Every structure is written in structure tokens, then in C-alpha cells.
Amino acid sequence: IIDVEEKLVMPGVIDVHTHMREPGITYKEDFATGSRACVKAGVTTFYDMPNTIPTTTTLKNLLEKKKLAGEKSIVNFGFHFGGSKNDNVEEIKKVLRNGEANTVKIFMNVTTGEMLIEDDEVLKKVFGNSKLVLVHAENEMIDKAIELNKNYGKGLYVCHIPSEEELKKVINAKKNNELNTKEHPVYAEVTPHHLFLNTEIRESTERNKMLLRMKPELREKSDNEFLWEAINRGEVDTIGTDHAPHLISEKLEKITFGMPGVETSLALMINAFNEGKISLEAIQKLMCENPAKIMKIEKRGKLQEGFFADIIVVDTQKEWIVGVDDTIESKCGWTPYENWKLKGKNTMTIVNGKIVYENGKINDSHNGKEVNFLK
Ligand code: NCD
Ligand code: ZN
Ligand code: ZN
Ligand code: ZN
């Protein structure tokens, strides 16, 4: 029996877009530290991106990564397989056939990692041989991705849409019943940093000028506002954090793209609810229900009879200061929201029916042995 008093009980957050940096870049993050950051903040499932070292572009590399996460993660997890510029379509087919991943991530612009695909023939083959394709696509690459999905694809998920102009492209595609069909649906993801941060905040201090660099870059305040309006019109499918940790020393030394996100995403959204910017129902849809549907979590094997008991208890009235009243679990050791005063905090996380976070304490005693791998 758990007495939650006045608090809010909701499904655990499913974060479709994280970079847990393992294997190969584990000085920035690993599955243990990354999943501790998750449970603290109410994220009970993460999907990890393929731009690790080595890249997750062969079945062998995927199985290696799965083994590492299985040993270390204290939350449920899954992977997006990577499309390679060197045409790994045979590997994509193998992975999808084996059911080790259901989605393929491709990079259509330059960002962290060496995974840019520029060859149109490779892009066509990737779309033609995948199920849902997640894209890093900016500006006109969004148009290209929408066309590829229409002509060859079976589903498109546009990651981290930063601006009014780019989100309009995706919304228009979503509303067009030739571009967005049951056979090749279109989904829109927005990150917390493109909702809460902008160039004005970035340019306000020398430190922020370095820390707040990411791909796609932050945009204007008016873009933040458009993103919020679109969210409230129901035109955005998910909030994905694009949790992309780099050490603070790396960030300050030279321009490095990406920043951490899983530890603050839900609290920022609950704070936005307290400011009247969004409903709790919308938060639940964007962060729990839609990710589960898009990733087809509710349809997998045994899970058809219901999902795991992944439950969180949120104190919507708790006031706290980020980075002051809490710990930073991510190995990167910093947050872009340091010193932000928020109202709303996760207080308990239950993963697969077991309390793994309560009253500021993480219980990671099970070493990931009871967590689920989601295909
Ligand atoms: C991400 C990273 O560091 O892995 N960086 C970023 O700026 N968003 C890669 C990505 O998602 O583009
Ligand atoms: Zn990206
Ligand atoms: Zn990313
Ligand atoms: Zn356990």
C-alpha cells in the first residue's frame, strides 16, 4: 500500500530520444548513470540512439549494446538501429527480422557522430527496407524525408523539431492525407530545450553561449511560442529529450552539440502546467501514451495483456531549485536549467512493479536484472 496523499499518479515517462553514450563514449554517460538519471526524474523507459562508438549499424553491435544495457540499466530500454552511409540494408533487414529493433534512425544533417547519409540511393534503400524511420532532418531535409517516406517508407518520426518554419512543414504533412497515411504515418517530436530555451537565453552569458549549443540550434522566443501553440492544438506527438550529455569541460572548450535532458523533462512540463501553459492530460499523451503507441510497446508479445507496472508519483506543488535541491545523476554533471525555480517534481518511480526511486533515494540494487528489453 502506498499513500500518495495529494500527489499525482501517472504512467512512467517513455523517452523515445536519448543518447546514453555506451559503448565507446562512456566518459560522458553510460547505461547505469543514464538510467539513474531517468528514475530520479520519472522516466521508466528510454530508447537509445545509434551514434555510439562503434555505431549501432550491425546486428552484432546492437546485440553487444543490448547486453551492456541489460547488465546496467535500472529502467526498461530499447534501441533505434542506425542507418549507415555505407549501405547497411542487409543488417537492417536482419535486425528487423530478428526483432532486435523495430526502428531505424538516420542522420540527414551534420551532428555529433559520423553517421551523416548524403547519398539519395542509400536513403531510398533505408526507407524502403525499414519500418518506422526516425530522422535528424533540418530545414529542407525535412521536405526530403517526408517525400522519401511517401514514396518508399513505412513511417516517419521527425526528431527534435526546433522552429515554427520546420514544425509547419511536418504539421502540413501530418494534415495531408497523401503524405500521412496508415501505411506511412508522420510523427512530430519536440524537445524541452526547444520549448524552454532560445537564442536570447543562449546569448545572455558567456557560459550559456557555449553550453546551449546543440543540433538543431536553439531558435527565437517566437519559435518557443509557436511550438507551445502547436502542442496545445494537438499537432505534436511526443516530447523526446534528445538527452545528449557532454562533459562541461568539453562544452566550454570548444563548440560541442548536445545537452542532457532526462533529469529535467517532466519537471519542466509540470512547471509549465502550473503556469497554465499545458494540461496534465496533454503531458501524459506527449510523454507516456503517444511514445508507447508509436513504439508499439503495448502490442509486443506478452505485453498485449497490459504494460508493466511503470508508475510515477508526482508532487505537482513541490517547489525546488534545479541543481541545488537535487542531485545530478548524469555523468556529464551539469544541467542547462541550473538554478531554475520549478514547481512540480517526481517523488516516486516504480519500474516493473518495484520501487526504484523514493524520497530522493535511488534503489539500483537489482543491477538491471529485472528490467525489460523492448523491441
Ligand atoms: C546529439 C549528440 O550529441 O549525440 N547532439 C545534438 O546536438 N542534438 C546528436 C543529435 O541528436 O543530433
Ligand atoms: Zn539529432
Ligand atoms: Zn539526438
Ligand atoms: Zn529490480
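Read the numbers this way: they start at 1 and go in the same order the structure lists the ligands and their atoms. In this text, all values refer to a predicted model and were calculated from it rather than measured experimentally.
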Q.
Using 2.8 Å as the threshold, say whether any N, O or S atom from C159 sits that close to the Zn ion (ligand 2).
A. no

Q) Which ligand 1 atoms does H246 reach within 4.0 Å, using its non-hydrogen atoms? A) 3 (O)

Q: Could you pull out the atom name of the N/O/S atom in D242 that is nearest the Zn ion (ligand 3)?
A: OD1

Q. Any N/O/S atom, backbone or side chain, of H19 lying under 2.8 Å from the Zn ion (ligand 3)?
A. yes

Q) Does ligand 1 have an atom under 4.0 Å from some heavy atom of H160? A) yes

Q: With heavy atoms under 4.0 Å as the rule, classify the contact between R21 and ligand 1 as side chain, backbone, both or neither.
A: side chain

(Q) Testing the 3.5 Å rule here: is there a donor-acceptor pair between the side chains of D15 and T241? (A) yes

Q) Are the aromatic ring centres of F77 and F79 under 6.0 angstrom apart? A) yes

(Q) Between E164 and K168 (salt bridge meaning N to carboxylate O under 4.0 Å), is one present in this structure? (A) yes

Q. Who gets closest to atom 7 (O) of ligand 1 by heavy atom: K215, E217, R213?
A. K215

Q) For ligand 1, is there an atom lying under 4.0 Å from some heavy atom of M49? A) no

Q | Atoms of ligand 1 close to H17 [distance to a heavy atom under 4.0 angstrom, numbered from 1] | A | 11 (O)

Q. Does any donor atom in the side chain of K251 or T256 lie under 3.5 Å from an acceptor atom in the other side chain?
A. no

**Q.** Where ligand 1 meets N51 - atom numbers and elements under 4.0 angstrom, heavy-atom basis
**A.** 2 (C), 4 (O), 9 (C)

Q: Validate the cation-pi geometry between K215 and F257: distance from NZ or CZ to the six-membered ring centre under 6.0 Å, angle to the ring axis within 45°.
A: yes

Q | Test side-chain hydrogen bond (donor to acceptor under 3.5 Å, both in side chains) applied to H243 and E29, E263, H17, R21, the passing residue | A | E29

Q | Protein residue, atom and distance nearest to atom 12 (O) of ligand 1, heavy-atom basis | A | T111 OG1, 2.6 Å

**Q.** Atom name, H136 (N, O or S, nearest to the Zn ion (ligand 2))
**A.** ND1

Q: Could you tell me whether the Zn ion (ligand 3) has an N, O or S atom of H17 under 2.8 Å away?
A: yes

(Q) Any salt bridge linking R219 with E165? Criterion: basic side-chain nitrogen under 4.0 Å from a carboxylate oxygen. (A) no

Q) Does a donor on one side chain sit under 3.5 Å from an acceptor on the other, for S35 and K72? A) no

Q) Which residue holds the protein heavy atom closest to atom 8 (N) of ligand 1, what is that atom called, and what is the gap in Å? A) D242 OD2, 2.7 Å

Q) Hey, which atoms in ligand 1 end up nearer than 4.0 Å to a heavy atom of G258? A) 5 (N), 6 (C), 7 (O)

(Q) Heavy atoms only, cut-off 4.0 Å: how does M214 contact ligand 1, side chain, backbone, both, or neither? (A) both

Q: Could you verify whether a donor N or O on one side chain and an acceptor N or O on the other, from D223 and N198, lie under 3.5 Å apart?
A: no

**Q.** Electrostatic pair E91-K94, nearest N-O below 4.0 angstrom
**A.** yes

Q. Got the closest protein heavy atom to atom 5 (N) of ligand 1, with its distance?
A. F257 O, 3.2 Å

Q) Taking D48 for the side chain and M20 for the main chain, is one N or O donor matched with an acceptor at less than 3.5 Å? A) yes

